[in-house]
Amino acid sequence: MKAPPKLVTGALELLHQRQGPLTRELLREPGGFGIGQVPAGKKPDATTTAVCGFCSTGCGLEVHLQAGEAVGLSPARDYSVNFGMACPKGWEALAPLRAKDRATTPLLRNERGVLVPATWDRALEAFTRRMKAIIEKHGPESVAWLGTGQIPTEELALLGAFAKFGMGVVHGDGNTRQCMATAVVAYKQSFGFDAPPYTYEDFEQSDVIVLVGSNLCIAHPILWEHVCRNPHSPEIVVIDPRRTETAMNATLHLPLAPKSDLTLFYAVTHHLISRGWIDRDFIDAHTTGFEDLARQVSSFSLAHAAAATGLPTEQIARLAQLIGTGKRVSIWWTMGVNQSHEAVRTAQALINLALITGNIGRPGTGANSITGQCNAMGSRLFSNTTNLLGGRDFTNPEHRATVAKTLGIPVERIPDRPSLAYDQIMEGILRGKIKGLWIVATNTAHSWINQADAVEVLKRLDFLVVQDMYTTTETASLAHLVLPAAGWGEKEGTFINSERRIGLLKKVSRAPGEALADFSIIKLLAEAWGVGDLFRRFSDPEATFQLLKELSRGQPCDITGIEDYAMLDDKRGIQWPLREGERVVAQSQRRLFADGTFFHADGRAKLIADDPRPVPETTSAEFPFVLLTGRGSSSQWHTQTRTAKSAVLRRLYPSEPYVEVSPDDAERLAIEPGTWVIVESRRGMLRARAHPTHVVRPGQVFVPMHYAKANQLTFPAFDPHSRQPSYKHCAVRLRPVEAADQAT
Ligand code: SF4
């Protein structure tokens, strides 16, 4: 008999339990602008709409204006993504704009090694002269760029177009490599295109929801609210080594051993096949590779999986039964899958499960990767890094010709190969092959895996340009040139959220000082470089959106049916695809593959499997704990570049780094709650407050990724297909800080 549903606790309620309520007093903190609070004397005279600029949920916000300037905000009630709710980051979206350390003028490092203010003319001249000098001396592969999933698609497209077609740079990547590269490769290989198939309504229509490596309550709290709206009393299965907030609200939690997930899913696949819990008609009509898959998983018995995962065979069988007998099963994953040494095959094991059970293309189903950053999907399709603009292929001459014609540029300017990946760019710097780097809106010196090495690598550059909102990031502090950028709310453009919904971003605040929109900075750089004419068609963000439409024509992500920004606003966001001539109703919810046709040439999805591989760094007597990393709270975002600027958000999470350790291990090591401990790997160490908790199991520790030194510990392993870093597993040891040092 089905267990009673346990999912009525909303994410914000969970937050309150964990972090204390969002009281009115808290929201009146100096600098706090949340809950529609408007500072005294700032009575709004108008309201406009915009999508949030933190995570990929893509919530709609109402921004309250006085004389055209934002003075407060509240969540949009008529937006299908968030129906009147926002997480703390969204409520506080205006606070980071008012931070004291905003970059307000270009900064250039002088001969004494000090960053000093410079004019824009001087900054543009320095960028052009020094980058050109490097390229002339060492060739076009000696300069690279690293972009982001945090800026609008129009800016990403212009950045990638200028760097590759204007500067002649060959290699550029983005921080989406750190979060979504695995999903991209998995979908491309399995479906024939990077195409998350779902719509958020699927959370509400499933009878079985399987969440893998996803702490939805914390990482995507508004999506958890969709789960809470599900009227079908769904089974909620959480597969995660930690007993997270989401696991606590599951009907079944499988606390598997870290990185044993691929073995688990192959055993489930084998069990489904041997019990006949598969959709043979769907498999025969819409997939290829079933016989190979069946052969590949045939040795993965429940007992084998139980030994690898530490889970009872009954629990594994129960998972298989839920997937095999559920009518509408949706499988969702995030970074617990994507950030692994065998991430692509693990994601594809989940895709296989959906395909062989026919759980795709119908309401409440899907193999669904939840994106991280607000515009990771825009970066995936339009950043011109791994893919040619519009999800096209650099190696395809027809695709190059189409892009050249659409943009009005000579086809010879388009490279015939994709860029190096992020880790390969870092390796190129280390080897002395890459000497100039332009980093836009990401904080490599904090977020890159094995951080100490990453910082040393960045220090080797002859010329490091950082384009950012703030002068104080770890990466900006290493720069030779800082270009001051406008932030979310200070410019316009579009973001694409996890369910492929394109939302509109509006300018509701003036950027401080001489800071400019990234779009304007890149246009100025193109002029300074002497190639401004090549990018005349990118005249402003909305004209660029019209170019993006044309670049998407005929692709699975075709958006030629979206007329303009006004239509995006009017329809409250539109999911791709929407082809020319197609109509869409406001707030529509559309999923892919309803007709069982996939994007491979034969219209079929591929079932792909491989042998599991050992973890790159195993525990030992010297380093006996597995380190897990992840999001700490809904109030923190990535390297805290923006969230740490909000006094309200800072009150909602521990200011000091902390490490979760099991009570058994804490007792064995004589570690008292709240005392300082050293977490140490072979690469570095971190001082953190001990937090004994049953959330983690013996032999494991957890450190939130947001604290500056978390990545001193991580081991630089990468998935071989996606080249995404494996942040979720390395070996560490733990020891108390000497009593005499506890106070310091
Ligand atoms: S950060 Fe994400 S969940 Fe929070 S308000 Fe913004 S889009 Fe919504």
Side-chain angles (χ1 to χ4, degrees), residues 10-16 18-19 22 27 32-37 49-63 70 72-97 148-152 179-180 200 203 214-229 245-246 332 334-335 370-378 487-489 493-506 508 572-573 631-646 648-649 652-653 705-706:
L12 293 179
E13 197 181 326
L14 280 171
L15 262 172
H16 296 175
R18 185 182 163 97
Q19 299 166 327
L22 292 166
L27 289 155
F33 283 83
I35 316 288
Q37 293 284 316
T49 55
V51 288
C52 179
F54 281 104
C55 93
S56 66
T57 304
C59 295
L61 303 174
E62 290 182 355
V63 185
L73 60 77
S74 48
R77 283 153 295 176
D78 64 345
Y79 206 69
S80 64
V81 169
N82 53 313
F83 36 81
M85 292 191 289
C87 82
K89 298 187 293 296
W91 284 110
E92 278 296 286
L94 294 174
L97 304 181
T148 180
Q150 295 287 158
I151 63 176
C179 61
M180 298 317 301
Y200 290 159
F203 279 118
S214 162
N215 188 2
L216 207 67
C217 290
I218 290 299
H220 298 91
I222 302 304
L223 299 186
W224 178 254
E225 296 294 343
H226 283 269
V227 175
C228 296
R229 283 160 58 106
E245 292 81 352
T246 315
W332 309 79
T334 57
M335 297 312 141
I370 303 170
T371 316
Q373 302 181 78
C374 56
N375 199 28
M377 192 76 235
W488 170 92
T494 55
F495 292 152
I496 310 178
N497 78 354
S498 275
E499 55 165 359
R500 312 179 319 282
R501 187 176 302 277
I502 303 170
L504 193 57
L505 168 69
K506 292 185 191 160
V508 293
R572 315 301 283 126
R631 195 177 301 282
S633 75
S634 291
S635 305
Q636 292 162 290
W637 182 245
H638 290 182
T639 66
Q640 302 200 111
T641 304
R642 284 181 291 164
T643 46
K645 304 298 191 294
S646 158
V648 170
L649 296 180
L652 293 171
Y653 59 81
M705 64 179 173
H706 316 288

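Residues: numbered from 1 along the sequence shown. One-based numbering, in listed order, for ligands and for the atoms of each. Since the model is a prediction, treat every value here as computed from it, not as a measurement.
Using a cut-off of 2.8 Å, one finds that Cys52 contributes an N/O/S atom close to atom 6 (Fe) of ligand 1. Taking backbone and side-chain atoms together, Cys374 has no N/O/S atom less than 2.8 Å away from atom 2 (Fe) of ligand 1.
The shortest contact between atom 2 (Fe) of ligand 1 and any protein heavy atom is with Cys55 SG, 2.3 Å. If you check which protein heavy atom lies closest to atom 8 (Fe) of ligand 1, you get Cys59 SG, 2.3 Å. Summary of contacts: the protein heavy atom closest to atom 4 (Fe) of ligand 1 is Cys87 SG, 2.3 Å.
With a 4.5 Å cut-off on side-chain heavy atoms, Val81 and Thr57 count as touching. Within the 4.5 Å cutoff, no side-chain heavy atoms of Pro152 are placed close to those of Trp488. A heavy-atom distance below 4.5 Å is found between the side chains of Glu62 and Arg77. Counting heavy atoms from C-beta outward, Gln150 and Arg642 have side chains that approach closer than 4.5 Å. For the pair Val51/Leu61, no side-chain contact is recorded, criterion being any heavy-atom separation below 4.5 Å from C-beta on.
Proximity to Gly90 (heavy-atom distance under 4.0 Å) selects the following atoms of ligand 1: 5 (S). In summary, the atoms of ligand 1 found under 4.0 Å from a heavy atom of Phe54, numbered by their order in the structure, are 1 (S). Residue contact check: Gly58 has heavy atoms under 4.0 Å from atoms 7 (S) of ligand 1. Near Ile222, meaning under 4.0 Å from one of its heavy atoms, ligand 1 places the atoms 3 (S).
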Item to complete: Start with the C-alpha gap between His638 and Phe54, add the side-chain angles, then the distance that decides, and say whether ring pair (Phe, Tyr, Trp, His ring centres under 6.0 Å) holds.
Response: CA-CA 10 Å; His638 290 182; Phe54 281 104; 9.4 Å; no

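Relative orientation of the His226 and Tyr200 rings is tilted, given thresholds of 30° and 60° on the angle between their planes.
Note on ligand 1: Asn82 sits outside its first shell, no heavy atom being nearer than 4.0 Å.
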